[in-house]
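Structure first, then comments.
What's counted below: heavy atoms across the whole structure, side chains too, no hydrogens, waters or symmetry copies.
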Amino acid sequence: MRNNYLQKKMTTGRLTLPVAIVISIACWVLASLLLPVLPQQKMTYSLFQLLDLSTIPNWANKTISFLLYAVIGYSLIEFNSTFAIIRMRASVQTSLFFLFTAACPTLQQVHAGNMAAIAILISVYFLFRSYQRHQSSADLFHSFVFIGIGSLAFPQFIVLIPIWFIGAYNFQSLNIRSFFAAIIGWSIPYWFLLCHAYYHNDMSLFYKPFIDLASLQPIDFSVISLPEIVTSAYLFILFTVSSIHCFVTSYQDKIRTRSYLRFLIFVNSVLFILLVLQPMHIACLLSSLLVGVSILVGHLFVLTNSKASNLFFIFSLFGLISLYLFNLWTLL
């Protein structure tokens, strides 16, 4: 009887990913027809503004955004194939990611968050690759290079640097050489920015990320919309349940996989805390949260097969459909 559960059929089916992509594209198209002009993000970043996306047609903006999310989705497959976090299926987390992005019309535009999310995912890839490597300097160097690139788009991601060092220490890849390699790696994007600013005689360009980082605002939840609040609450419920499952069933995973999952839980916990402390950055934070939550929820749905997990799976699907309809109705 367990094999007949809807959860089991959908997480092990070969058509799950293609169907999820088709559904996601249909949701994007419907949102584009009903919402031809999405509300602009409330918080923009001075360095990111230099791209001047206002000159890009709306259809092109959404197409570029979808392609950026498609890069993340494909990277999640390669990510899981390399580190085997989800043992049975390598595409479930990508299916979830596409469905999550489809349910959030406010994120379906080019903004600093989806660019930073790509950089963070690549950075995590190199950090995980450094696991128990004696010669880990190159991996940590590349990992922190992408942290630096991500922080150029979204300066608040600089706060992730201590977390990356904690992760490297737990992965037994941190030593004197790799520590300084990481510092140099993080600084390289800023050296390029400094050279660019100096060449154009505009040093204020170099200061912009640090000014944005230092511009802390008081906690004010009135700056975020109701769809963003509901979306964050839905993701937090999924994150909490999947995290509890990871800790309870950690004995079933390899030590390496257990370390990876705990690091992802730690990072997403920090992002949720940052979201509460600086709610004006919710759009950028949600894009990165979708990546981590997709992996953790995929791990939950693939490796469980009980009546309770099947009911939670159905609840999650129903909640996702309701979230999409609610977001559309609220934004109309």
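- Put simply, the side chain of L205 reaches to within 4.5 Å of the side chain of K208, judged on heavy atoms.
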List, one per line, each side-chain donor-acceptor pair under 3.5 Å for residues 288-299, sequence neighbours excluded.
from: S294; atom 1: OG; to: L290; atom 2: O; distance (Å): 2.5
from: H299; atom 1: NE2; to: D253; atom 2: OD2; distance (Å): 3.4

Using a 3.5 Å cut-off and no angle test, enumerate the donor-acceptor pairs between side-chain atoms of residues 166-177 and protein atoms at least two apart in sequence or in another chain.
from: N170; atom 1: ND2; to: I166; atom 2: O; distance (Å): 3.3
from: S173; atom 1: OG; to: S130; atom 2: OG; distance (Å): 3.1
from: S173; atom 1: OG; to: A168; atom 2: O; distance (Å): 3.2
from: N175; atom 1: OD1; to: R177; atom 2: N; distance (Å): 3.1
from: N175; atom 1: OD1; to: S178; atom 2: N; distance (Å): 2.8
from: N175; atom 1: OD1; to: S178; atom 2: OG; distance (Å): 3.1

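- Annotation for Q135: atom CD does not count as buried by contact number, only 12 or fewer foreign heavy atoms lying within 6.0 Å.
- Atom OH of Y190 sits in a crowded spot, with more than 12 heavy atoms from other residues, nucleotides or ligands closer than 6.0 Å.
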- Query: Would N327 and T106 count as a side-chain contact (heavy atoms from CB on, under 4.5 Å) if you check the C-alpha gap in whole Å, the side-chain angles of each, and the deciding distance to 0.1 Å?
  - Reply: CA-CA 8 Å; N327 286 340; T106 56; over 6 Å; no
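- In terms of the side chain to side chain contact (heavy atoms under 4.5 Å, CB included) criterion, residue partners of L30 (sequence neighbours excluded) are, by chain and number, L34, Y324, L328.
- Remark: aromatic rings of F98 and Y69 are distant, center separation not under 6.0 Å.
- The NE2 atom of H281 lies 13.0 Å from the CG atom of L286; values are rounded to the nearest 0.5 Å.
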- Begin from the C-alpha positions of S242 and L238 and carry the test side-chain contact (heavy atoms from CB on, under 4.5 Å) through to its verdict. CA-CA 6 Å; S242 58; L238 294 182; 5.5 Å; no
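- Under the ring pair (Phe, Tyr, Trp, His ring centres under 6.0 Å) criterion, F157 pairs with F154, not counting sequence neighbours.
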- Task: Check the pair S287, H111 against side-chain contact (heavy atoms from CB on, under 4.5 Å), reporting the backbone distance first and the verdict last.
- Result: CA-CA 10 Å; S287 297; H111 62 287; 3.1 Å; yes
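- Side-chain atoms of S243 and T240 form no donor-acceptor pair, as typed in the model, at a separation below 3.5 Å.
- The two residues A283 and L107 have their closest heavy-atom pair at O-CD2, 3.6 Å.
- With sequence neighbours excluded, no residue satisfies side-chain hydrogen bond (donor to acceptor under 3.5 Å, both in side chains) with Y207.
- Interatomic distance, CG of L6 versus CZ of F313, reported as 5.5 Å (0.5 Å rounding).
- Across all their heavy atoms, L152 and P209 have their closest contact at CD2-CG, 4.3 Å.
- For the pair T11/N305, no side-chain contact is recorded, criterion being any heavy-atom separation below 4.5 Å from C-beta on.
- Residues satisfying the side-chain hydrogen bond (donor to acceptor under 3.5 Å, both in side chains) test with T304, not counting sequence neighbours, are Q7.
- Distance OG/S24 to CG/L17: 10.5 Å, rounded to 0.5 Å.
- L194 is listed as a side-chain neighbour of M203, based on a closest heavy-atom distance under 4.5 Å.
- To the nearest 0.5 Å, atoms CD (E228) and CD1 (I282) are separated by 4.5 Å.
- Side-chain contact between P155 and F210 is absent, with no heavy atoms from C-beta onward closer than 4.5 Å.
- With sequence neighbours left out, the side-chain hydrogen bond (donor to acceptor under 3.5 Å, both in side chains) criterion links R256 to Y260.
- Between the N80 side chain and the L76 main chain, no donor and acceptor come within less than 3.5 Å of each other.
- Between F239 and S269 the shortest side-chain heavy-atom distance falls below 4.5 Å.
- Counting only distance, with no hydrogens or angles, the side chain of S250 and the backbone of R258 share no donor-acceptor pair below 3.5 Å.
- For the ring pair (Phe, Tyr, Trp, His ring centres under 6.0 Å) test, residues two or more places apart in sequence or in another chain that qualify with H200 are H196.
- The shortest side-chain heavy-atom distance between L271 and L275 does not fall under the 4.5 Å cut-off.
- Note on F128: it does not cluster hydrophobically with Y74, by side-chain heavy-atom contacts below 4.5 Å among ILVMFWY residues.
- F206 and Y198 have their aromatic ring centers separated by at least 6.0 angstrom.
- Residues A31 and Q108 approach most closely at CB-OE1, 3.8 Å, considering heavy atoms.
- Of the possible polar contacts, none joining the S65 side chain to the N61 backbone as a donor-acceptor pair under 3.5 Å is found.
- The distance from the CG atom of L285 to the CG atom of L235 is 11.5 Å, given to the nearest 0.5 Å.
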- Under the side-chain contact (heavy atoms from CB on, under 4.5 Å) rule, what do S187 and W191 come out as? Steps first, then yes or no, please. CA-CA 6 Å; S187 65; W191 281 109; 3.5 Å; yes
Do any side-chain atoms of residues 140-148 form donor-acceptor pairs under 3.5 angstrom with protein atoms, and if so which ones, sequence neighbours left out?
from: H142; atom 1: ND1; to: A138; atom 2: O; distance (Å): 2.7
from: S143; atom 1: OG; to: S123; atom 2: O; distance (Å): 2.8
from: S143; atom 1: OG; to: S123; atom 2: OG; distance (Å): 3.0
from: S143; atom 1: OG; to: W164; atom 2: NE1; distance (Å): 3.2

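- For F266, the ring pair (Phe, Tyr, Trp, His ring centres under 6.0 Å) criterion is met by no residue, not counting sequence neighbours.
- No side-chain heavy atom of F179 sits under 4.5 Å from any side-chain heavy atom of S137.
- L99 and V19 end up in the same hydrophobic cluster when Ile, Leu, Val, Met, Phe, Trp and Tyr side chains are linked at under 4.5 Å.
- Using cut-offs of 30° and 60° for the angle between ring planes, the F66 and W28 rings count as perpendicular.
- In terms of modelled atom types and a separation under 3.5 Å, the side chain of N114 and the main chain of Q109 share a donor-acceptor contact.
- When all heavy atoms of V270 and L160 are compared, the closest pair comes out as CG1-CD2, 4.5 Å.
- Applying the salt bridge (charged side-chain N to carboxylate O under 4.0 Å, His left out) test to every pair with at least one member in residues 103-131, sequence neighbours left out, gives these pairs: R129-D139.
- The two atoms that bring G113 and C284 nearest to each other are N-SG, 3.4 Å, heavy atoms only.
- Residues V22 and L15 do not share a hydrophobic cluster, defined by chaining ILVMFWY side chains whose heavy atoms lie under 4.5 Å apart.
- Atom CG of L303 is separated from atom SG of C246 by 8.5 Å, given to the nearest 0.5 angstrom.
- The shortest distance between side-chain heavy atoms of I86 and Q93 falls below 4.5 Å.
- Of all heavy-atom pairs between F221 and P279, the closest is CD2-CB, 4.0 Å.
- If you chain together hydrophobic residues whose side chains sit under 4.5 Å apart, L320 and L226 fall into the same group.
- L127 and I255 fall within the same hydrophobic cluster, defined by Ile, Leu, Val, Met, Phe, Trp and Tyr side-chain heavy atoms under 4.5 Å apart, directly or through other members.
- S306 contributes a side-chain N or O that, together with a main-chain N or O of S309, makes up a donor-acceptor pair within less than 3.5 Å.
- The ring pair (Phe, Tyr, Trp, His ring centres under 6.0 Å) check on Y125 picks up F83, with sequence neighbours excluded.
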